Amino acid sequence: MNNTLHAVLDPKSIVVIGASENPDKIGGRPLFYLQRHGYRGKVFGVNPKRTETQGYPTFPALEALPEVPEVAIVVVPGDAAVQAVEQCARLGVKVCVTMASGFGETGTLEGIAAERRMVDAARAAGMRMVGPNTQGLANFGTGAILSFSSMFMESQPLDGPVGVVSQSGAMSVVPYGMLRARGIGVRYAHATGNDADVNVAEIAAVVAEDPDLKLLLLYLESIPDPAPLAEAARIAHARGLPIVALKSGRTAAGQQAAKSHTGALANEDRLVDAFLERHGIWRARDLQELVAATELYLKGWKPKGRRLVAISNSGAVCVMAADAATRLGMPMAQLAPATRADLNRVLPSFATTTNPIDITAALLTNSRLFGDILPALARDPAADAFLIGIPVAGAAYDVDAFARDTAAFAESTGKPTVAGIPQPQIAAPFKALGVPVMETETEAVAALAQFVSHHERMTLAKPTSAARPAPIGSSRMLNEAESLALAGAAGIGVVPHRLCTTADAAARALLALGGPVVVKGCSRAVAHKSELGLVRLKLRTEAEVRAAFSDMEQALRSRNLDFDGVIVARMASGRRELMIGAHVDAVFGPVVLIGDGGKFVEALPDTQVLLPPFDADDVRRALGLLRIAPLLAGVRDEPALDVDAFAAATVAVGALMEQSHPRIASLDLNPVLLGARGEGCTALDAVVFVAD
């Protein structure tokens, strides 16, 4: 990573261009924070009306400073901001943090042009620019608070193991405020604004190198270039640092709002999901989920599975916990007979010793019940994670003992343990001993599910150096024979067939292939043949084949469409029609789509996205997420299907998209006929577009 960006997180010297004595103004707030939070480097101000600002030496112009600062904060507006950035670049400033607004985010030609001037000046001199339209960056580990956010006035900063990096100013400090309200320290709260030069992923990559960081939270409005984010993920993955990202713009309305907010580009949402999953990044659905499981991440647990044990003094909590666990893919653990026998010896006869475990109101008269049953549960190999639900307790309960027993249990087992406790005074001793506490059992189970699922994702992650693909430009369609030949050469099984340019050749193909056959009109101008009557099935005689040839030639020529002949193909049989599609996305590069196939693929889509390179295991996992997944495994009297053959074909398509010459713009194999296990799969039709 560029060492220049390290300077902005721990600069040796800083100048504020447009320095103000008033800490409530944008030009005064960074100076106030630098002094308040113990920044130890040199600080200068630029303001022609002052010689000192908030105790810092101030000069009339940037050129008058006694030395070139590493970092400049630009708060002057409009064209003055552009000129200040250009001056910083000429003088050799390493990083310029441009807080001024009114540039690319406005969408006006003037704003875009002014932003371009700043970027060009910075890049020509080797300077990096954060912003414009940025709230700034904050490092509470070094006191380098290059920000004007009011949040740091409202929520007292505390250095800690969490970093927040955001394109949006608000979304850099709202998670900060939520975490500080929960007593969690935050080291970084960075906002990158318009991402005109330095983008959010580049800052994230630098932050990810911090060995003290245990969790990195990102807010993204666009991913115009996946390479920096892939690099941040690679750095984080190498040291086991979890990244949770909130990527907005899931809907068309959200994408349009993002464009008007920071000039962000909309990404096709399923590709974003696939990219984040591949790189081990958990995608939060909303701001609450972004921070919900923080306490679990900070414990450093390494979960071995997702089977849950729930314990409560309320039967209702037990039921609701089981409902939430089922909904979130956390199966309730089946306790061993020995475990249940141990529980029966401890709990009263009216308690429930199946999982979830209802210890009932007996907890009121025997505060040792938690402490007595937890060791037995710790020994059960089926238990991977634990929920302690205490909806009601009070003065008659030994809450401190409950907390001590739970904390000791979590420490000794190393298994994720979370409590659901709505009463703040009951939750307090648990929190004091480091037990993650949520307000309800549903929130607790959701946090566990996210944490465990994210750990699984990180284990399977394959961060790659994602480079922005070269644009395809214009493309041309191959005819079906050419498309099938390309697929076959790549190792994908295709239906036995022959391209015939005469009726005699078609008749000979019938004899060679053996009936019945399919006859299809072949034209590089037609992708969908059925609508034009270019498909005839189950033809058995020479006369039928000759007639089909004549009809199809006439149908194409009468429409002034290319007639490349007909394809005579053997009628194939199988168990299920699937599809494999692929194209080159302008942002993420090659993309492969697999799923249910046939003529209803657009009307009833059931597909999953894969980003090359991937292997057969990745394909099988994707197939398992389809709605038709149970059918692939075999149901009723139907056999299991040959998913291994389909996985091999899909891997071949992925490799083809990465290595193709000429470059493939898109590819569709539909249907791909899947046989029973061991019978393979066969592509019956293919449509390929290649770059001109």
Side-chain angles (χ1 to χ4, degrees), residues 223 226 247 250 252 266-279 283 460 462 464 466 469 472 475 477-478 480 483-484 486-487 490-494 527-528 576-629 631-632 641-660 663-674 681-691:
I223 307 176
K247 166 64 175 69
R250 281 187 177 272
N267 298 125
E268 207 282 312
D269 204 57
R270 297 184 69 194
L271 302 189
V272 173
D273 282 340
F275 177 84
L276 296 179
E277 181 171 355
R278 177 183 190 84
H279 290 81
R283 185 176 186 183
L460 296 171
K462 299 175 182 177
T464 57
I472 286 286
S475 62
M477 189 177 79
L478 304 181
E480 184 181 353
S483 298
L484 286 170
L486 189 150
I492 301 162
V494 299
H528 301 290
R576 184 82 191 184
E577 291 183 344
L578 300 184
M579 60 81 66
I580 306 173
H583 73 277
V584 178
D585 181 77
V587 174
F588 294 102
V591 176
V592 175
L593 192 72
I594 61 173
D596 202 11
K599 63 182 179 180
F600 299 123
V601 66
E602 289 93 358
L604 299 170
D606 182 14
T607 57
Q608 289 291 316
V609 172
L610 291 159
L611 299 182
F614 50 80
D615 59 26
D617 287 339
D618 297 321
V619 179
R620 281 187 282 267
R621 277 190 291 271
L623 288 172
L625 298 174
L626 297 174
R627 292 193 300 273
I628 63 165
L631 304 182
L632 304 180
L641 304 186
D642 201 339
V643 295
D644 289 343
F646 183 82
T650 306
V651 170
V653 168
L656 182 63
M657 294 301 296
E658 287 194 295
Q659 304 162 7
S660 60
R663 193 171 179 207
I664 295 175
S666 68
L667 173 151
D668 283 291
L669 304 178
N670 182 34
V672 177
L673 197 58
L674 194 58
C681 68
T682 304
L684 304 187
D685 196 359
V687 178
V688 175
F689 284 80
V690 297

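Values below: all heavy atoms of this structure, side chains included; hydrogens, waters and symmetry mates excluded. Only a predicted model underlies this, so the values are computations on that prediction, with no experimental measurement involved. In what follows, residues are counted from 1 in the order of the sequence shown.
The minimum heavy-atom distance linking D618 with L610 is given by the pair O-CD2, 3.9 Å. Closest non-hydrogen pair, A649 versus C681, comes out as CB-SG, 4.1 Å. Listed here is the closest heavy atom pair of A274 and V609: CB-CG1, 3.7 Å. Heavy atoms only, all atoms of each residue included: I492 and A652 are closest at CG1-CB, 3.8 Å. The shortest heavy-atom contact between I628 and D606 is N-OD2, 3.1 Å. Shown here for G598 and N670, the closest heavy-atom pair between the two residues is N-OD1, 2.8 Å.
Ionic pairing of K247 and D273 is not present here: no N-O contact between side-chain nitrogen and carboxylate oxygen is shorter than 4.0 angstrom. Checked for salt-bridge contact, D585 and R270 miss the test: no charged N lies under 4.0 Å from a carboxylate O.
In this structure the side chain of L623 reaches within 4.5 angstrom of the side chain of L632, judged on heavy atoms. The side-chain heavy atoms of D617 and R621, taken from C-beta on, include a pair separated by under 4.5 Å. For the pair E577/L673, a side-chain contact is recorded, criterion being any heavy-atom separation below 4.5 Å from C-beta on.
For D668 (side chain) and A686 (main-chain N/O), no donor-acceptor pair under 3.5 Å exists by modelled atom type. Without hydrogens or angle criteria, R278 side chain to P613 main chain gives a donor-acceptor distance under 3.5 Å. Side-chain atoms of R627 come within 3.5 Å of backbone atoms of P605 as a donor-acceptor pair (strictly under, hydrogens ignored). Side-chain atoms of T607 never come within 3.5 Å of backbone atoms of G595 as a donor-acceptor pair (strictly under, hydrogens ignored).
In this structure, CE on M579 lies 10.0 Å from OG1 on T650, to the nearest 0.5 angstrom. Distance CG/L611 to CD/E658: 10.0 Å, rounded to 0.5 Å. The distance from atom CD1 of I664 to atom CZ of F689, rounded to the nearest 0.5 Å, is 12.5 Å. Within the model, atoms CZ of F646 and CG of L578 stand 4.5 Å from one another, a figure rounded to the nearest 0.5 Å. Here I594 contributes atom CD1 and L669 contributes atom CG; the two are 12.5 Å apart, rounded to the nearest 0.5 Å. Atoms CG and CG, on L484 and L684 in that order, are 9.0 Å from each other to the nearest 0.5 Å.
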Review point. Stepwise, does the side chain to side chain contact (heavy atoms under 4.5 Å, CB included) test hold for L656 with L486?
Key: CA-CA 9 Å; L656 182 63; L486 189 150; 3.2 Å; yes
Review point. After noting the C-alpha distance and the side-chain angles of D615 and K462, does the key distance pass the side chain to side chain contact (heavy atoms under 4.5 Å, CB included) rule?
Key: CA-CA 11 Å; D615 59 26; K462 299 175 182 177; 2.8 Å; yes
